[in-house]
Amino acid sequence: MIDLVQLRREPDVVKSALARRGVSAGVMDAVLALDVEHRALLQESERLRSEVKFLSRLVGEARREKDLETANQLAEKSRQLGDEERGATEATERVGALLREQLLSLPNVPAPFVPDGLDENDNVELRQWWVGKDEGLEFPTYAEHQRVPHWEIGTELGILDLEAGAKLAGSMFPLYRGDGSRLLRALGFFALDRHRDAYEEIRPPSFALTETMMSTGHLPKSADDMYAIERDGLWAIPTAEVPLTSMHRGEILDVARLPIRLTAQTACFRREAGAAGRDTRGLLRVHEFDKVELFAYCTPEQADGAYADILERAESLLQALGLAYRVLELCTGDLGTSSARTNDLEVFSPGIDRWLEVSSVSWYRDFQARRANVRYRTSDGSIALVHTVNGSALAWARIWATLVETYRQPDGSIILPDVLAPYLGGQTTIGVRTS
RNA sequence: GGAGGGAUGACAGAGCGGCCGAAUGUACCGGUCUUGAAAACCGGCGUGGGCUUGCCCACCGUGGGUUCAAAUCCCACUCCCUCCGCCA
């Protein structure tokens, strides 16, 4: 949620910032008008309330002095005012709810340097990385045996069984088996271990309350993109960002504790409601995938550092795995609702000849903290909203796909990067022919 | 799933219709004293909102209700604790 006080104080600044994200001036003016109306109603209902309280005190005093006649008169007057107040309060709440609803639907103010644009085509590529780039090597040319899509490799080696997954839960619910399942497990352990030096590992619930979903901005906007368990009022989390952002909901943190850095691997559930028919093959787009998330609660001053650290860690994982990738600065049109700035990492998948998003690092400024009411006490005793920053490191389904394609050998087997060996009992090959 | 007990400020813990936004203690901040510290003493010490910046309003788990007036009474829900049952 954006800052209403700021909107009130510098409407033109906020208006022009949100105009970059396609919010019309008319919408903003409507919000401002609601705010004016709300405050006027609030003043009136508070005035009435104050009077009722004052009269009630007099009733008590009159009673104590046994002046029942005065007491009854005052009580009658107070009752009338009370009726009036009830009406005023109802109106105030109705307008307040409307205002809040409008405010919740507004996106975050983008960082000044975020490029203008309509959609993903206007994102700006910042850099690319591949093995040997520093030594002057060109972008890798992939051989024929690497130009095989992962779903074919998976079937051939018996490590990915999409039909079995579909049988159990419908299409786009993958089932990994044998060494494929072990590889997935290894990737998660590998990443979590690398973040252990600075991030506390969390294993949160996979479901969250509506209130929790509101905090991150996933509700009310993205309800159709999430799985709901209506009977119990729960939603399946689309990312660990959801529980991590709400871990300190409603708290006032001591500034000495900041930044609080957390990491978690969870299953991520996505209905992909708007993506029917797109990227349906293999692991490109699935309803459930595992992802390690990095997260930080911090002061505004710490936000840049926290952001850089998360981005660096995500890149470092890709480099350790030897996968070619590029870094994008998302344009205003492709930015998530809650985000002020986002960098996507896309890995190059040779089997399908495409860049695949495997990480998204975002700075939310105080947008989520305002919804979730996460604050901190500064050294001078005042209270301010924290900033939240998070990023994936990494989303494993697409990494899994890219790994088996990139490291496929002429004989069809896979030789994995050595860094994974400790997590695979020393094994680095899949599908080696022993004969 | 059954029975009972509970939820009050950072923490502990009073209050159980009327100056109660809330006693008291601890912690914390400032001061006096001291060479310094501790102790002692004095003062301060929740959050959010509105406007005429001095006042007003809201908040005692959550949501309703009763009343002139609710932390206090009634109803529902949530969570925690104890016991029983079931269970990986």
Side-chain angles (χ1 to χ4, degrees), chain A residues 1-9 31-104 203-215 229-235 243 246-258 260 297 366-386:
Chain A
M1 186 157 56
I2 64 163
D3 184 2
L4 179 60
V5 174
Q6 193 202 355
L7 174 62
R8 204 183 284 155
R9 234 179 256 149
V31 172
L32 283 164
L34 272 178
D35 177 47
V36 169
E37 188 187 354
H38 178 247
R39 279 183 293 154
L41 288 166
L42 187 64
Q43 276 177 55
E44 176 61 7
S45 59
E46 284 190 353
R47 205 206 86 229
L48 288 165
R49 178 86 190 128
S50 170
E51 205 141 332
V52 168
K53 286 180 72 168
F54 179 72
L55 288 175
S56 293
R57 209 172 306 155
L58 295 187
V59 172
E61 279 168 25
R63 278 264 166 82
R64 224 167 298 126
E65 283 159 28
K66 309 279 189 225
D67 186 355
L68 286 181
E69 194 181 324
T70 307
N72 288 337
Q73 271 175 14
L74 289 168
E76 178 54 32
K77 194 173 174 200
S78 180
R79 184 183 350 218
Q80 284 169 13
L81 280 170
D83 288 342
E84 225 177 298
E85 185 238 320
R86 219 179 316 271
T89 302
E90 261 168 42
T92 307
E93 280 170 3
R94 199 178 56 242
V95 174
L98 210 59
L99 174 63
R100 186 175 160 72
E101 193 183 302
Q102 300 260 304
L103 231 35
L104 281 173
R203 178 49 245 234
S206 303
F207 303 97
L209 300 166
T210 299
E211 190 185 351
T212 307
M213 288 292 178
M214 284 282 187
S215 301
I229 302 175
E230 284 183 46
R231 188 172 65 175
D232 300 298
L234 290 170
W235 302 80
S246 281
M247 256 182 79
H248 292 290
R249 188 168 65 214
E251 294 180 22
I252 298 175
L253 305 164
D254 187 335
V255 69
R257 290 178 65 192
L258 299 176
I260 295 175
Y297 295 96
D366 57 12
F367 189 88
Q368 292 181 327
R370 185 170 293 107
R371 290 181 172 211
N373 198 22
V374 185
R375 293 168 294 172
Y376 71 102
R377 193 175 294 280
T378 61
S379 39
D380 68 16
S382 63
I383 288 171
L385 291 164
V386 300

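Values below: all heavy atoms of this structure, side chains included; hydrogens, waters and symmetry mates excluded. Here is the naming used below: chain letters follow the sequence lines, and residue numbers restart at 1 for every chain.
One C1' atom belongs to B:rU67, the other to B:rG1, and the distance between them is 39 Å to the nearest Å. To the nearest whole angstrom, the two P atoms, one in B:rU82 and one in B:rG44, are 41 Å apart. Atom C1' of B:rG6 sits at a distance of 16 Å from the matching atom of B:rA14, rounded to the whole Å. Separating the C1' atom of B:rU34 from that of B:rA22 is a span of 37 Å, rounded to the nearest Å. With P as the reference atom, B:rC83 and B:rC28 are 36 Å apart, rounded to whole Å. Rounded to a whole angstrom, the distance from the P atom of B:rG18 to that of B:rA76 is 25 Å. The C1' atoms of B:rC33 and B:rG48 are separated by 40 Å, rounded to the nearest whole Å. If you take atom P in B:rG25 and the same atom in B:rG43, they sit 12 Å apart, rounded to whole Å.
A:Ser45 places a side-chain N or O within 3.5 Å of a backbone atom of A:Leu41 that can act as its donor or acceptor partner. No donor-acceptor pair closer than 3.5 Å links the side chain of A:Ser382 to the backbone N or O of A:Thr378. Without hydrogens or angle criteria, A:Arg375 side chain to A:Ala384 main chain gives no donor-acceptor distance under 3.5 Å.
Nearer to the 5' terminus of RNA chain B, by closest-nucleotide assignment, is the contact made by A:Leu42 (compared with the other of A:Leu42 and A:Ser78).
In terms of phosphate contacts, A:Arg377 brings a side-chain nitrogen or oxygen within less than 4.0 Å of OP1 or OP2 of B:rU47.
Computed from coordinates, the A:Asp35 CG to B:rG49 P distance equals 12 Å when rounded to whole Å. Rounded to an integer number of Å, the gap from A:Asp3 CG to B:rG48 C1' is 14 Å. The nearest whole Å value for the distance from the CG atom in A:Leu253 to the C1' atom in B:rU47 is 15 Å. One can place CD of A:Glu85 at 13 Å from C1' of B:rU67, the figure rounded to the nearest angstrom. Atom CZ in A:Arg86 sits roughly 10 Å away from atom C1' in B:rU67 (whole-Å rounding). Between the P atom of B:rU78 and the CG atom of A:Leu209 lies a distance of 12 Å, rounded to the nearest Å. Here the C1' atom of nucleotide B:rU67 and the CD atom of A:Gln80 are 16 Å apart, to the nearest Å. To the nearest angstrom, P of B:rG50 lies 16 Å from CD of A:Glu37.
When both distances must be under 3.5 Å, the Watson-Crick or G-U wobble mate of B:rU62 is B:rA76. When both pairing distances are held under 3.5 Å, B:rU53 makes no Watson-Crick or G-U pair with any nucleotide shown. Pairing of B:rA40, defined by two Watson-Crick or G-U wobble distances under 3.5 Å, is identified with B:rU32. Across the strands present, B:rU24 finds its partner in B:rA12; the criterion is a Watson-Crick or G-U wobble pair with both atom distances under 3.5 angstrom. In a base pair of the Watson-Crick type (N1 to N3 plus N6-O4 or O6-N4) or a G-U wobble (N1-O2 and O6-N3), with each distance short of 3.5 Å, B:rG85 is matched with no nucleotide. Partner assigned to B:rA71 is none, using Watson-Crick or G-U wobble distances below 3.5 angstrom.
Checking A:Thr212 against A:Arg249 by side-chain atom types alone, a donor-acceptor pair falls below 3.5 Å.
With a 4.5 Å cut-off on side-chain heavy atoms, A:Arg39 and A:Asp35 count as touching.
If you check every strand for non-hydrogen atoms under 4.0 Å, A:Ile383 touches sugar and phosphate atoms only.
In this structure, NZ in A:Lys53 is found 13.5 Å from CG in A:Leu58, a value given to the nearest 0.5 Å. Between the OG atom of A:Ser246 and the CD atom of A:Glu251 there is a distance of 10.5 Å, given to the nearest 0.5 Å.
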**OP:** Sugar-phosphate means primed atoms, P, OP1 and OP2; the rest is base. With that split, encode nucleotides 53-64 of chain B 5' to 3' as B, S or - using protein heavy atoms under 4.0 Å.
**Re:** ---SBS------
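Contact record, A:Arg370 with A:Met1: NH1-O, 2.7 Å, taken as the closest heavy-atom pair. Across all non-hydrogen atoms, the minimal contact from A:Leu99 to A:Val31 is CD1-O, 3.7 Å.
Nearest to the side-chain atoms of A:Val52 among the listed nucleotides B:rU47, B:rA69, B:rG50 stands B:rA69. Here the nucleotide nearest the side chain of A:Val59, chosen from B:rC68, B:rG49, B:rG46, is B:rC68.
A salt bridge is defined here as a Lys NZ or Arg NE, NH1 or NH2 lying under 4.0 Å from an Asp or Glu carboxylate O, and A:Asp254 with A:Arg377 fails to meet this definition. Using a cut-off of 4.0 Å between Lys/Arg side-chain N and Asp/Glu carboxylate O, A:Arg79 and A:Asp83 are scored as not salt-bridged.
In this model, no side-chain donor or acceptor of A:Arg64 finds a partner on the base of B:rG18 within 3.5 Å.
Looking at residues two or more places apart in sequence or on another chain, you find a ring pair (Phe, Tyr, Trp, His ring centres under 6.0 Å) between A:His248 and A:Tyr297.
Sorted by residue number, the members of residues 369-376 of chain A with any non-hydrogen atom under 4.0 Å from RNA chain B read A:Arg375.
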